[in-house]
Amino acid sequence: MSSKQRRGSASDKEAVRQASHAGSWHSSDGDELDDQLSHFLWDARDASVTESVKAIICPHAGYSYSGPTAAYSFQHLQPENVKRIFVLGPSHHVYFQYLGLTPHTTLATPLGDLKVDTEVVADLAATGKFDFVGKDADEEEHRVEMQLPFIAKMMAGHD
């Protein structure tokens, strides 16, 4: 597949980005994944802070490798202070001159779906400084997907 075919456009919008790495990079069973994340977060509880943070940095490998470390990052997330979450990560499959935007409106996780702020995505696309990632290339990538279950767990009950 050429890189042109792997890039998308605003017209390629797909409703749901499937959790394509569930069952291999992390559990596809919601209860099992929730238990695993709870364990990681419990073990990282000493990393919790009281002041609000603006950004966190964490790894994006399979949870058997990076889950405990990622939990230390996500312990700093205070859902009551969050207005919007941006997930940035490198592209492992497709070259982009600019940053890539998801063509999806919903991001599936075994813990529940996350809604994409499509208005913000449209505003970013309008700047001309972003490319849309093609649906297939987006689902091949793990960099964002590995963050989503942690986000779903941490933000549960907060819209």
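Since we're looking at a predicted model, the values are computed, not measured. Quick note: residue numbers are just sequence positions, from 1.
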Is the shortest side-chain heavy-atom distance between [X] and [Y] below 4.5 Å?
{"X": "P68", "Y": "Y63", "answer": "no"}
{"X": "L114", "Y": "T106", "answer": "no"}
{"X": "V53", "Y": "L77", "answer": "no"}

Is L88 linked to I85 within one hydrophobic cluster, defined over Ile, Leu, Val, Met, Phe, Trp and Tyr using a side-chain heavy-atom separation of less than 4.5 Å?
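In one cluster: no.
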Under 3.5 Å, is there a donor-acceptor pair between the T109 and K153 side chains?
no
Has the side chain of [X] got a donor or acceptor atom that lies under 3.5 Å from a matching backbone atom of [Y]?
{"X": "S73", "Y": "I57", "value": "yes"}
{"X": "Q75", "Y": "L41", "value": "yes"}
{"X": "Y72", "Y": "R45", "value": "no"}
{"X": "H158", "Y": "A156", "value": "yes"}

Side chain to side chain donor-acceptor pair (under 3.5 Å) for D43 and H39? Distances and angles first, verdict last.
CA-CA 6 Å; D43 287 349; H39 178 76; 3.1 Å; yes
Straight-line distance of [X] [atom1] to [Y] [atom2], nearest 0.5 Å:
{"X": "L111", "Y": "M155", "atom1": "CG", "atom2": "CE", "answer": "14.0 Å"}
{"X": "L37", "Y": "W42", "atom1": "CG", "atom2": "CH2", "answer": "16.0 Å"}
{"X": "E119", "Y": "L124", "atom1": "CD", "atom2": "CG", "answer": "11.0 Å"}
{"X": "F130", "Y": "L101", "atom1": "CZ", "atom2": "CG", "answer": "6.0 Å"}
{"X": "L99", "Y": "F86", "atom1": "CG", "atom2": "CZ", "answer": "11.0 Å"}
{"X": "H76", "Y": "M154", "atom1": "NE2", "atom2": "CE", "answer": "10.5 Å"}

Taking every non-hydrogen atom, the tightest pair across [X] and [Y]:
{"X": "A70", "Y": "C58", "result": "CA-CB, 4.0 Å"}
{"X": "R84", "Y": "V120", "result": "NE-CG2, 3.4 Å"}
{"X": "S28", "Y": "P110", "result": "O-CB, 3.6 Å"}

If you apply the rule side chain to side chain contact (heavy atoms under 4.5 Å, CB included), what do you find for V116 with T102, and how did you get there?
CA-CA 9 Å; V116 173; T102 184; 4.2 Å; yes
Quick one: sort the F40 and F150 rings into parallel, tilted or perpendicular, breaks at 30° and 60°.
parallel
Checking side chain to side chain contact (heavy atoms under 4.5 Å, CB included) for the pair F74/I151: CA distance, chi angles, key distance, verdict?
CA-CA 8 Å; F74 279 101; I151 293 169; 3.7 Å; yes
